[in-house]
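Contents: one structure, followed by commentary.
Whatever order the structure lists ligands and atoms in, that order sets their numbers, starting from 1.
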Amino acid sequence: MSACQFIQLKAFNTFGISVCADHISTVASVESLLSAWQEAEEKEHPILLLGGGSNILFTENFKGTVILNRILGVDIQESDTAWHIHVGAGENWHQLIVHLLHQQIYGLENLALIPGNVGSAPIQNIGAYGIEFKHVCEYVDLIELKTGKLIHLMANECQFAYRDSIFKHQYKDGYAITAVGLQLNKVWKPILTYGGLTQFSCEDVTPERIFNAVCEMRQSKLPDPVITGNAGSFFKNPIVPIELAQKIKFDYPECPQYHHNEHNVKIAAGWLIDQCHLKGYCIGDAAIHMKQALVLINKGNATGQDITALATYVRKKVAEKFNIFLEPEVRFIGSEGEIDAVECIS
Ligand SMILES: Cc1cc2nc3c(=O)[nH]c(=O)nc-3n(C[C@H](O)[C@H](O)[C@H](O)COP(=O)(O)OP(=O)(O)OC[C@H]3O[C@@H](n4cnc5c(N)ncnc54)[C@H](O)[C@@H]3O)c2cc1C
């Protein structure tokens, strides 16, 4: 475990927000995670667990200890039909996909280039190009930090839903994910249902071609956080009653809508924002990306307050036009820990 005091966090959040933490610890094992947490707890410091910092917005300096999870390790086992991969929570998600592709283990390629750590993937059940984490998850290992008790949850116990899981509720505060188990079938089936992937045919497509196509599409549409600070999709796609969706479809036949369940429809949040003509709109150094209205960016020196003010404006404009209240996908972190993102922009 390594530890420092009064650390600049700009490099540890993909929004590139310049804030400080009182203290930071990098942990590479479950034991050091536990002792870093218990040390901070004894000093009554607020504690923030962080992976790649790609799904958070710091609204101010963090007056406590940030624990950076760097627990590594990839262990591959096989059964007759599947690969079973146990991965340390601190591994990088995209690098894991590249590593498995090299070993000819397939099934994650649609989720290429999603930033962040493997251990964060179950939390919001990451998803892209027709696949969600829940489709490849076998189990999630976590630890209750107060007691050191280890918990092993099978995928069907994780309450996975759209950008949601048990790790945002029952196992949120005082727990850390330490590893995940993935199960990937040996007989590979391409998923080509989404967007630019529909151009491929099941007969001759390869995992490498899907991987390359996903990387190219993402690089052409999304700003690279290394160059332009952002946290990917800022808002979740809203799930609305069928009646409201039908009314919008009547006025705007081109509105992208997706079946959610028998009562509700999912609407593309980026399309709603775009209809309000907000691409390029700025508050301070916070702006709406010119190519993808769902992405808020830091043009250089945006503060958490700038991004929050911009998100508040977007939510207000979309609500005025469509009577839909967008909710952030990004998690807001205040001086002592997570704060209610919806409240911050209401
Ligand atoms: C350019 C870009 C594109 C993106 N595209 C997508 C996409 O296509 N699909 C998608 O679903 N997401 C996407 N995201 C969002 C983000 O990459 C994912 O949510 C990712 O899983 C976050 O991982 P992280 O390690 O960076 O999490 P962090 O931001 O570090 O943490 C997120 C939350 O999890 C908590 N946490 C972190 N580690 C642990 C742990 N070990 N145990 C318990 N709690 C923990 C943190 O306290 C925080 O509340 C994108 C982000 C960016 C910047």
Side-chain angles (χ1 to χ4, degrees), residues 9 12-17 27 30 33 36-37 46-58 62 64-71 87-96 110-134 140-145 151 160-169 171-180 194-195 214-215 217-219 221-237 270 289 291-292 294-298 328-334 337-339 341:
L9 296 176
F12 298 111
N13 72 102
T14 61
F15 249 126
I17 303 293
V27 298
V30 175
L33 165 64
W37 193 87
I47 303 166
L48 176 69
L49 275 170
L50 213 53
S54 65
N55 202 29
I56 53 155
L57 174 68
F58 283 112
F62 184 70
T65 297
V66 170
I67 300 179
L68 291 177
N69 183 336
R70 299 294 180 260
I71 301 172
V87 193
E91 290 283 348
N92 176 273
W93 176 258
H94 178 74
Q95 290 312 321
L96 172 72
N110 296 48
L111 299 174
L113 272 192
I114 298 182
N117 283 9
V118 169
S120 313
I123 298 172
Q124 72 151 2
N125 181 28
I126 58 168
Y129 293 94
I131 301 192
E132 287 181 347
F133 179 79
K134 69 174 180 185
V140 176
D141 285 343
L142 60 160
I143 187 163
E144 188 182 34
L145 293 154
I151 301 167
F160 288 125
Y162 170 63
R163 298 297 181 267
D164 201 19
S165 73
I166 201 165
F167 312 107
K168 283 190 174 182
H169 307 281
Y171 290 119
K172 182 170 162 243
D173 296 320
Y175 297 88
I177 294 173
T178 54
V180 307
Y194 192 92
V214 168
C215 290
M217 286 186 283
R218 293 184 69 99
Q219 281 163 340
K221 282 189 202 154
L222 291 171
D224 178 353
V226 174
I227 299 162
T228 307
N230 76 92
S233 304
F234 193 89
F235 297 99
K236 292 187 227 174
N237 291 321
H289 188 50
K291 285 194 198 158
Q292 172 50 275
L294 194 48
V295 177
L296 306 193
I297 59 169
N298 174 2
E329 179 177 315
V330 171
R331 322 240 333 230
F332 285 38
I333 311 293
E338 185 166 9
I339 49 178

Can you list the ligand 1 atoms lying under 4.0 Å from a non-hydrogen atom of [X]?
X: Gly116; value: 23 (O), 24 (P), 25 (O), 26 (O)
X: Gln124; value: 10 (C), 11 (O), 12 (N), 15 (C), 18 (C), 19 (O)
X: Ala176; value: 42 (N), 43 (C)
X: Ala128; value: 8 (O)

Could you tell me the residue and atom name of the protein heavy atom closest to [atom], and the distance to it rounded to 0.1 Å?
atom: atom 45 (C) of ligand 1; value: Ile123 CD1, 3.4 Å
atom: atom 28 (P) of ligand 1; value: Gly53 N, 3.6 Å
atom: atom 47 (O) of ligand 1; value: Leu49 O, 2.6 Å
atom: atom 38 (N) of ligand 1; value: Ser120 OG, 3.6 Å
atom: atom 48 (C) of ligand 1; value: Ile56 CG2, 3.9 Å
atom: atom 29 (O) of ligand 1; value: Asn55 N, 2.9 Å
atom: atom 33 (C) of ligand 1; value: Arg331 NH1, 3.9 Å
atom: atom 3 (C) of ligand 1; value: Arg218 NH2, 3.4 Å

Determine whether the side chain, the backbone, both or neither of [X] has a heavy atom under 4.0 Å from any heavy atom of ligand 1.
X: Ile177; answer: both
X: Asn69; answer: side chain
X: Leu48; answer: side chain
X: Pro115; answer: both

Among [options], which one puts a heavy atom closest to [atom]?
atom: atom 51 (C) of ligand 1; options: Ala89, Ala179, Gly174, Ser54; answer: Ser54
atom: atom 1 (C) of ligand 1; options: Asn230, Val66, Leu68; answer: Asn230
atom: atom 7 (C) of ligand 1; options: Gly337, Ser233, Gly127; answer: Gly127

Does at least one non-hydrogen atom of Arg163 fall below 4.0 angstrom from an atom of ligand 1? yes
Less than 4.5 Å apart, side chain to side chain, heavy atoms only: is that true for [X] and [Y]?
X: Leu50; Y: Asn13; value: no
X: Leu113; Y: Val214; value: no
X: His289; Y: Leu222; value: no
X: Val30; Y: Ile71; value: yes
X: Leu48; Y: Phe58; value: yes
X: Val140; Y: Tyr171; value: no
X: His169; Y: Asp164; value: yes
X: Tyr162; Y: Asn125; value: no

Pairing residues for Pro328 by the side chain to side chain contact (heavy atoms under 4.5 Å, CB included) criterion, not counting sequence neighbours: Phe234, Phe332, Ala341, Val342, Ile345
Identified side-chain contact (heavy atoms from CB on, under 4.5 Å) partner of Asn230 from the options Ser54, Pro115, Pro223: Pro223
Can you tell me which residue among Ile123, Asn69, Asp141, Leu49 is in a side-chain contact (heavy atoms from CB on, under 4.5 Å) with Ile177? Ile123
Kindly confirm or rule out an N or O of [X] lying under 3.5 angstrom from an N or O of ligand 1.
X: Gly51; answer: yes
X: Gly119; answer: no
X: Thr14; answer: no
X: Asn117; answer: yes

Check the orientation of Phe167 and Phe160. Use parallel for under 30°, tilted for 30 to 60°, and perpendicular for over 60°. tilted
From Phe15 atom CZ to Asn55 atom CG, the distance as rounded to the nearest 0.5 Å: 10.0 Å
Counting only heavy atoms not in Tyr194, do more than 12 sit closer than 6.0 Å to its OH atom? no
